[in-house]
Asker: 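Below are the C-alpha cells for one structure; questions will follow.
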There are 2 protein chains.
Amino acid sequence: MNSKKNAPADALDTFARFLQDRGLRMTRDRRAIIRQVFEVHAHFTMDDLFIALRLKGERLSKTTLYRNLPLLVESGLIRRVPGESSDGRFEHVLGHPHHDHLICLECGREIEFSCTDLETAQDNICRRYGFHPVWHRLGIWGYCRRCRARRSVKPKER
Amino acid sequence: MNSKKNAPADALDTFARFLQDRGLRMTRDRRAIIRQVFEVHAHFTMDDLFIALRLKGERLSKTTLYRNLPLLVESGLIRRVPGESSDGRFEHVLGHPHHDHLICLECGREIEFSCTDLETAQDNICRRYGFHPVWHRLGIWGYCRRCRARRSVKPKER
DNA sequence: TCCTTATTGCGACTGGTTTCCATTACCAAC
DNA sequence: GTTGGTAATGGAAACCAGTCGCAATAAGGA
C-alpha cells in the first residue's frame with residue numbers, strides 16, 4: 001500500500017528526510033509544492049506552478065517558489081529540463097519514465113516516444129568516450145504527419 | 001580560390017542573399033558581425049561579441065547585436081548552443097558539421113560527437129510516426145572520463 | 001508552552017534583453 | 001551623382017525573470 005503508486009506521498013517523505021538532514025523545516029508551503037509537482041505529469045515553469053497553487057487556494061508567494069525549487073532539484077525530486085527551448089522548465093523525477101520528443105515546427109505539437117535502438121546507440125557512444133551518462137534529452141524538430149498532409153494539399157503555400 | 005576555405009566571405013555572401021530575399025540591407029555593422037563570428041571558432045555570448053567588435057574599433061551598439069543575431073540564427077549561419085549551462089551562447093555553423101554533445105555535470109566540459117547509428121535510429125522513429133525531420137539536438141548529461149577518475153579516488157564522496 | 005531560528009512576503013533591486021523614437025545610411029531610381 | 005523612401009542604428013527608457021534585505025511569522029525541539 002505504501003508502494004510506488006503514491007508518488008506525492010513518497011516524494012513528501014523523501015523531501016522531509018532531505019530537509020531534516022540539513023536542519024531545514026517542512027512547512028505548509030513546501031508540502032503544497034511537492035503535492036502539486038507530483039500530481040501533474042508534465043513539465044512546468046515557475047509560473048505554471050505558482051498559478052496552479054494559487055488556484056488551489058494556497059497563498060504562497062513567488063519568492064517562496066524561487067527559494068524552494070532549487071531545494072527540490074538538490075534533493076533529486078525534480079530537475080530542470082535541459083535543452084534550449086525548455087529554458088526555465090522543470091519536471092519531477094519519480095514516476096516520470098524517460099521519453100524524447102518530436103516537435104512539429106508548424107503546429108507545435110510534441111509527440112513523445114522512446115526507442116531502445118536510440119538508447120543503445122547512446123550507450124555505445126558513452127562507452128567510447130568513457131562517459132557515464134545520467135540522463136539525456138533528444139528533440140527532433142520537423143513536420144508531423146498531420147501538417148504534412150495539410151501541406152501537400154496546397155503545395156504552393158510558402 | 002573562392003572555395004570553401006574562406007568561411008567569413010562565404011558567410012557574408014550567404015547572409016547578403018538572405019537579407020536581399022527579405023528586403024533587408026547589408027550594412028557595415030552586419031558585415032563586421034559576420035566577419036567576427038566566422039573568424040573565431042568558439043562559442044560566444046552577446047557580450048563576447050560586443051567586446052571583440054569594440055576592440056576592433058567597430059562602433060556599433062549592443063542593441064544592434066541584439067537585433068541582428070536573431071537574423072543570423074534565422075539565416076542558419078549561427079545557432080544558439082543548446083544546453084542549460086550554455087544559456088545565451090552562440091556558435092557559427094558553416095564549417096561546423098552537425099554534432100551532438102556529452103555534457104559533464106561536474107566540470108561542465110562539452111564533448112562533441114556524431115554517430116550514424118544514432119541518426120539511423122532517429123530516421124526510423126520519424127518514419128514510424130510519419131514525421132519529416134528538419135533538425136535535431138541530442139544532449140547527454142553525465143560524468144566525463146576525467147571526472148570519473150578523480151571521483152574514484154575518493155569513492156565515498158556522494 | 002516557550003524560544004530559537006528557519007521561513008515567508010513584500011518591495012526594492014539587478015542584469016540581461018527589448019522597445020521607442022529621433023537620426024543616420026542604404027541603395028534603387030532618376 | 002542626387003534624391004527619396006525605408007531599413008538600420010544608438011541611447012535611453014522600459015521590461016522581466018529572478019534575487020535580496022528586512023521585519024513578521026511559524027516550525028518544532030526543549
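So that the names make sense, note that chain A is the first sequence line, chain B the second, and so on, each numbered from 1.
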Asker: Atom CZ of Arg25(A) to atom C1' of dG29(D): distance rounded to whole Å?
Answerer: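 To the nearest whole Å, that distance equals 9 Å.
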
Asker: Assuming nearest nucleotide by heavy-atom distance, tell me which of Met46(B) and Arg31(B) is located more 5' along DNA chain C.
Answerer: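 Looking at DNA chain C, the more 5' nearest nucleotide goes with Met46(B).
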
Asker: Check Glu58(A) with Arg28(A), please: is the shortest side-chain N to carboxylate O separation under 4.0 Å?
Answerer: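 Looking at Arg28(A) and Glu58(A), the cut-off is met.
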
Asker: Grab the CE-C1' distance between Met26(A) and dT5(C) for me, whole Å please.
Answerer: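 It works out to 18 Å between those atoms.
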
Asker: Would a distance-only check, ignoring hydrogens and angles, find a side-chain to backbone donor-acceptor pair under 3.5 Å from His92(B) to Val37(B)?
Answerer: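 Pair found, side chain donor or acceptor close to backbone of Val37(B).
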
Asker: Counting only side-chain nitrogens and oxygens, does Thr27(B) get under 4.0 Å of the OP1 or OP2 atom of dT9(D)?
Answerer: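 For dT9(D), OP1/OP2 do have a side-chain N/O of Thr27(B) under 4.0 Å.
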
Asker: Report yes if a donor N or O on one partner sits less than 3.5 Å from an acceptor N or O on the other, where the partners are the side chain of Arg30(A) and the base of dT7(C); otherwise report no.
Answerer: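 No such pair is found, so the answer is no.
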
Asker: With a 4.5 Å cut-off on side-chain heavy atoms, are Phe50(A) and Leu55(A) touching?
Answerer: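 They are not in contact (no side-chain heavy atoms under 4.5 Å apart), so the answer is no.
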
Asker: Phe131(B) versus Arg145(A): any side-chain heavy-atom pair under 4.5 Å?
Answerer: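 SC-SC contact between Phe131(B) and Arg145(A) ruled out.
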
Asker: Have a look at Asp29(A) and say if it touches a base, only the backbone sugar-phosphate, or nothing, with a 4.0 Å heavy-atom cut-off.
Answerer: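 Sugar-phosphate only.
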
Asker: Among dG10(D), dG9(C), dC27(C), find the nucleotide with the atom closest to the side chain of Thr63(A).
Answerer: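 Ranking dG10(D), dG9(C), dC27(C) by closest atom to the Thr63(A) side chain puts dG9(C) first.
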
Asker: Hey, does His136(A) have a side-chain heavy atom less than 4.5 Å from the side chain of Asp100(A)?
Answerer: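 With C-beta onward as the side chain, the pair touches.
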
Asker: Among residues 64-76 of chain A, which ones have heavy-atom contacts with DNA chain D below 4.0 Å?
Answerer: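 Residues of residues 64-76 of chain A under 4.0 Å from DNA chain D: Tyr66(A), Arg67(A).
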
Asker: Are Tyr66(B) and Ile33(B) linked, directly or through other ILVMFWY residues, by side chains that come within less than 4.5 angstrom of each other?
Answerer: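 Yes, one cluster joins them.
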
